[in-house]
Number of protein chains: 2
Amino acid sequence: MSRTEQTGTGRRRPPTIHDVAREAGVSRGTVSRVLNGGHNVSPAALDAVNSAIRKTGYTVNRHARSLITGRSDSVAFLLTEPQERFFEDPNFNVLLRGCTSALAAHDIPLLLMIAGTEAERRRNMRYIAGHVDGVLLVSSHSGDPVAAQLHEAGVPLVACGKPLGQGSKVSYVAADDRDGARDMVRFLYESGRRRIGTVSGPLDTPGGVERLAGYREMLADCGLPADDALIVPGDYSRAGGEAAAALLLERVPDLDAVFVASDLMAQGVLAALEKAGRSVPHDVAVGGFDDSPAALASRPALTTIRQPWDRISAEMVRVLLAQIGGDDPAAVILPTELVRRDSA
Amino acid sequence: MSRTEQTGTGRRRPPTIHDVAREAGVSRGTVSRVLNGGHNVSPAALDAVNSAIRKTGYTVNRHARSLITGRSDSVAFLLTEPQERFFEDPNFNVLLRGCTSALAAHDIPLLLMIAGTEAERRRNMRYIAGHVDGVLLVSSHSGDPVAAQLHEAGVPLVACGKPLGQGSKVSYVAADDRDGARDMVRFLYESGRRRIGTVSGPLDTPGGVERLAGYREMLADCGLPADDALIVPGDYSRAGGEAAAALLLERVPDLDAVFVASDLMAQGVLAALEKAGRSVPHDVAVGGFDDSPAALASRPALTTIRQPWDRISAEMVRVLLAQIGGDDPAAVILPTELVRRDSA
DNA sequence: CTGAAAGCGCTTACAG
DNA sequence: CTGAAAGCGCTTACAG
């Protein structure tokens, strides 16, 4: 080794492209070419460089690379949620975990950013521009301006769920909410239920809107009368589900089924039904949405609509990386599946 | 502006220290000094630079800075867990969220890394060295070698919970598990219970070991006989708690209380008791540990020991940043608190 | 207190 | 296919 080794307890100076070049007997340019795909490199040089890399234990200094390429080779996972709902909701975990490993397969680190307050949002936006190649956006209330801001700033972006009011300029990945809702309502109908209520999601969210639309469509398809008394909006929280169900029972005493737009709310619905002395599924059938861990933890276990979270996170990463690579925005809609358990 | 602006749809070239220097009428060195604390800068220069920064909208290019300082100004949150337990366990969320915002306050991004498999672990270890200033390590089975490896590699490191077998060379932050367990058992005793069993955590985890030790100590302090039939090891999962409670009931039919080493397991214990026809808390009192969201979601709501998660995450970040700044390792033990609800 | 200059480790036209 | 050279944007002794 020609450079001075550091003494003492510190870490050693890590090998650079320079060390590799000397070891391999080529120029630094050639080493760099090998690192970046090996184009225009002779087989002999390629071999020499590769074994020099192994021998020296070289890994690229990403800061130096980023300085020149302008890319950071990192991606942000941005959570815009005023409430702590996302952390209450197990879906979030699955999504975060899925995105982390999909990115890891490309050796791209995920920066977790949480924008609960306006100040945090500003801080995050400032950081994102110039420090991150793209953003995976998870935000329930899609009224918020983050998607628009990022899009305007030219930051590659994929949302989880369709961002309301963004046209189709912003990429997103979503489950087929409407179709899933239709499946559940059809299932309830086919098992003989005729007074089917619903606890919807918030109506400023795509899931809230679409699942309610599916419910309405299928009710009509089945020839059941539309009745606004059967519809109570929820807020995706457990407590909200419980309150909504209580209201529903008061308004519709002969209720025999409820389609609930999330499993967490369905837990609350189950609690309300138990308090009211209605047995599930005998008196009232309950269908959830998500197939989150909450569905299994419920008693009785929830019959629900599975969102394919693993595929959702994988597609979000795929679309984002494509977009960073220059592709145009794209929307991906993934099919859902009815999972039958004990609540309906 | 003297440099050429890019045309077309791309983002503009962001301002550099060079633009700020020209705007302020000083050298780039002076701008840099202002950026790094403003030492050895005259008030006039400082003002000029600061307003030039505002005017140009300058933000530092962290890659360039990192290239020269050798620091990345980022921190990894490394989750070492073969099972998906951490994502089932709501505690994880609170911890992750807390660390993210504590770091955000210092403008330091958190890189989320999940090492579920041996391959992922190797990948993460490779990334960490040289790409991250320090690591927040969250790992339940502390038998794993990650803490030792990181420590050996000279990476600043703070663990959540004491890493078994690391002596005191590795920093960690933990709740006072033993004391919390003592409090719960004392509480059960004082409410008249005399056949107090326990479902412990895994005995290769510090929480498992310490909470069991606290249980034993307090039983002795209360003059209750030690009886191994009263002790069943669990695995921190809901299903594990249910199985453990079933076993306990079989071995100790006159059981009148259980101290369960986690809220999630306590949910399983409640399920087992219900199946066995024992009412809670009348027949059997149940005390949990964590005060996670699971404690409130349980029915009846869990009497439990609160771990101060917000403080734990804040302290983890504080200790890590201190260590990155050159401080020696430190251990921080935080007090717990008994939260009384309906299960005991 | 301040400027000029070297250099961090890499990539990329450029000329051959 | 390959090397020499410029340059990405910053920090930091160094000399004044």
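A note on names: the letters A, B, ... follow the listed sequences, proteins ahead of strands, and every chain is numbered from 1. If you're wondering where the values come from, they're calculated on a predicted model, not measured in any experiment.
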Summary of ring pair (Phe, Tyr, Trp, His ring centres under 6.0 Å) pairs that have at least one residue in residues 22-66 of chain B, sequence neighbours excluded = none

What are the two closest non-hydrogen atoms of A:Asp73 and A:Pro109, and how far apart are they?
-> O-CD, 3.3 Å

D:dA13: pairing nucleotide in any strand, Watson-Crick or G-U under 3.5 angstrom |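 By the stated definition (distances under 3.5 Å), nothing pairs with D:dA13.
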
Partner nucleotide of D:dA4 by Watson-Crick or wobble geometry (both distances under 3.5 Å) = none

Quick check: do [X] and [Y] have side-chain heavy atoms less than 4.5 Å from each other?
X	Y	answer
B:Val135	B:Ile128	yes
B:Leu95	B:Cys160	yes
A:Ser101	B:Glu120	yes

Send over the distance from [X] [atom1] to [N] [atom2], rounded to a whole Å.
X	N	atom1	atom2	result
B:His18	C:dG3	NE2	C1'	14 Å
A:Leu67	C:dG7	CG	P	17 Å
A:Arg22	D:dG3	CZ	P	15 Å

Spell out protein contact along nucleotides 11-16 of chain D as letters: B when the base is contacted, S when just the sugar-phosphate is, - when no protein heavy atom is under 4.0 Å; keep the 5' to 3' order.
-> BBB---

Hey, is the side chain of [X] poking within less than 4.0 Å of OP1 or OP2 on [N], counting only N and O atoms?
X	N	value
A:Thr16	C:dG9	no
A:Asn40	D:dC1	yes
B:Ser42	C:dT2	yes

Salt-bridged, B:Arg62 to B:Asp107, with N to O below 4.0 Å?
-> yes

